[in-house]
Amino acid sequence: MGEFVAFLVGWQMILDQMLNVASVSSAVSGAVDAFANLAVANFTIAHVGPFPRESLLAPFPDFLAFGIGILSAVTMCFGFGRSAFLCNVLNAVNLLVILFCLAFGFATVDRTNWTYQGFLPYGFAGVMRGASSSFTSYIGFEGIASAGEETINPKRSIPLALMSSLLVLVVLYILMAAALTLAVPFEAIDLQAAFPEAFAYHGYIIEKNITSIGIALGMFGALIGSLYAVSRTAYAMASDGMFFKPFARISERTKGPLFGEVFFGVLAAFFALIFNLEILVEFQCVGTLMAYTIVAGCSIVFHYQRRVRVYADDVADIEIYRVADRKEDEEPPEPSSLPALIRYVETVLPRFAVDIALLCFAIFVGLAFATTIDVEFDLEKWVHKTEWWPLIPGLVMSVCAVICFLVILYHRKRHLRLYFKVPFVPFTPALALALNIILMVYISALTWFRFGIWMIIGILIYFTYGIRHSTVQLNSQTTGTQAPGPSTSADGSSEEEQPSPHNERTPLLTSHI
């Protein structure tokens with residue numbers, strides 16, 4: 001898909017993983033403060049003072065969260081080999097805390113907590129707003145992929161680790177949410193320390209203190225894992241020349257990118273200082289949803305557009321077109337049943353019809369839900385009072401999105417023999433893309449403003465530094481060829497017809513896309 005798209009995804013992954021460090025630091029701070037009966041928060045407000053109410057910041061600076069973030073960076077300075085043992089021990093503590101909270105939640109079940117204001121009191125829109133904010137619970141799995149260069153057999157172990165951990169944690173997250181909302185009315189849930197305050201709500205002070213200590217210890221292991229992931233992502237980008245060189249330096253003592261670990265640890269600690277947990281979680285969600293949306297779209301383009309190169313050491317064995325009497329380098333013919341409009345688009349913009357259809361699909365899905373975000377899903381009003389007209393814009397946009405998806409389906413899919421790939425393309429990635437966009441529609445405008453500032457910084461870094469130091473660009477200048485993408489070589493042949501050199505280093509992030 002090109003290095004710019006790869007840079008954007010990598011830049012968003014850095015944001016997600018760094019904010020994960022900040023949000024976990026804030027959560028640990030909340031647990032410790034709950035153990036101290038809010039003594040830390042009260043002391044800070046009394047002696048330091050709050051932030052201005054109209055600012056984009058937290059109500060008051062969280063110095064405890066800042067210290068916890070700095071501590072995680074110091075821990076990584078001892079090397080991840082030593083930190084990994086501590087991380088495993090703390091993860092075991094975290095699991096025990098989860099089981100303890102589950103036992104408490106289901107032992108104090110009050111079914112009226114789900115029904116006393118009616119089931120789904122805020123309707124479907126409330127569910128989607130909650131889902132867009134709680135999406136941060138499923139952040140961090142991409143950190144497994146960032147360890148690919150340090151894994152013995154990544155082709156087998158990384159997909160297995162991703163799917164197994166995702167399955168286990170989905171079950172645990174659902175059980176934790178059910179236990180919390182059944183034990184405590186949703187208005188009484190403390191956003192900074194949910195389970196410790198849930199124990200206090202029922203008068204279990206000793207259990208509250210045990211849970212606070214356990215959460216603080218267990219989540220410190222998550223801090224180490226997130227800091228590991230963000231430093232490795234920055235290392236991969238810097239190794240490809242798209243990020244600053246100091247992040248690619250490996251410490252001889254720790255055998256890891258020490259500069260990146262310390263830098264992002266301090267930066268995450270600063271974020272935890274000025275933002276509270278609620279702001280960090282929503283800020284983190286929008287970056288992750290955007291990155292996952294781009295990856296889902298790229299997987300569709302990758303399977304349908306031959307102009308997109310396959311980066312691998314055995315590139316000659318990766319792509320196989322199972323069509324009789326046709327050479328491997330030939331472009332797969334389009335079906336004869338293509339409608340006239342699609343054939344016209346293929347003529348005007350050859351090799352980009354799927355890209356255009358995919359972009360329009362994403363836009364129409366977003367508009368379909370943006371135009372109906374405040375419409376009440378009340379069937380009686382639609383049928384008996386004929387209040388159906390607010391749905392017309394959403395229905396029109398939905399039809400347009402379906403048409404765009406059909407345009408993609410009309411094209412012939414590439415037959416790729418990959419070690420690990422998304423099943424049922426384009427249905428699975430299109431569904432993921434649509435769901436991500438729907439969740440992004442429900443994120444607040446203030447969070448989009450913060451995210452926009454981060455993206456502007458990233459784009460400036462790419463066009464002022466990354467594009468001039470990229471190994472792809474430098475290699476293309478050395479060999480006299482152009483960088484990967486929909487381009488042509490000097491002799492007029494298409495870029496994808498040139499064989500991929502096996503002796504050149506594969507751009508890591510670009511290959512992931």
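- Expressed to the nearest 0.5 Å, how far CH2 of W11 lies from CH2 of W454 amounts to 4.0 Å.
- Within the 3.5 Å criterion, the main-chain N or O of T288 finds a donor-acceptor partner in the side chain of D16.
- Distance CD1/I279 to CZ/R450: 4.5 Å, rounded to 0.5 Å.
- For V48, the side-chain contact (heavy atoms from CB on, under 4.5 Å) test picks out T44, P61, F63, with sequence neighbours left out.
- Here L175 pairs with L102, F106, V171 under the side-chain contact (heavy atoms from CB on, under 4.5 Å) rule; sequence neighbours left out.
- Screening I437, I443, L435 for a side-chain contact (heavy atoms from CB on, under 4.5 Å) with L289, the sole residue that qualifies is I443.
- Two residues are said to be in side-chain contact when any heavy atoms from C-beta on lie closer than 4.5 Å; F451 and Q12 meet this criterion.
- The number of heavy atoms from other shown groups lying within 6.0 Å of CZ (F43) does not exceed 12.
- Ring planes of H202 and F104: perpendicular class, angle over 60° (limits at 30 and 60°).
- Between V28 and I215 there is no side-chain heavy-atom pair separated by less than 4.5 Å.
- Within a 6.0 Å sphere centred on CD of E187, heavy atoms belonging to other residues, nucleotides or ligands number more than 12.
- The aromatic rings of F4 and F463 sit tilted, their planes meeting at an angle between 30° and 60°.
- F275 is linked by a ring-ring contact (aromatic ring centres under 6.0 Å, His included) to F271, counting only residues two or more places apart in sequence or in another chain.
- Within 6.0 Å of CD1 in I206 there are 12 or fewer heavy atoms belonging to other residues, nucleotides or ligands.
- Atom-to-atom distance recorded for E207:CD and I205:CD1 is 9.0 Å, nearest 0.5 angstrom.
- The neighbour count for F60 CZ, taken as heavy atoms of other residues, nucleotides or ligands under 6.0 Å away, is above 12.
- Atom CD of E261 sits about 10.0 Å away from atom OG of S72, to the nearest 0.5 Å.
- In this structure, SG in C101 is found 11.0 Å from CD1 in I210, a value given to the nearest 0.5 Å.
- With values rounded to the nearest 0.5 angstrom, M18 atom CE is found 11.0 Å from F270 atom CZ.
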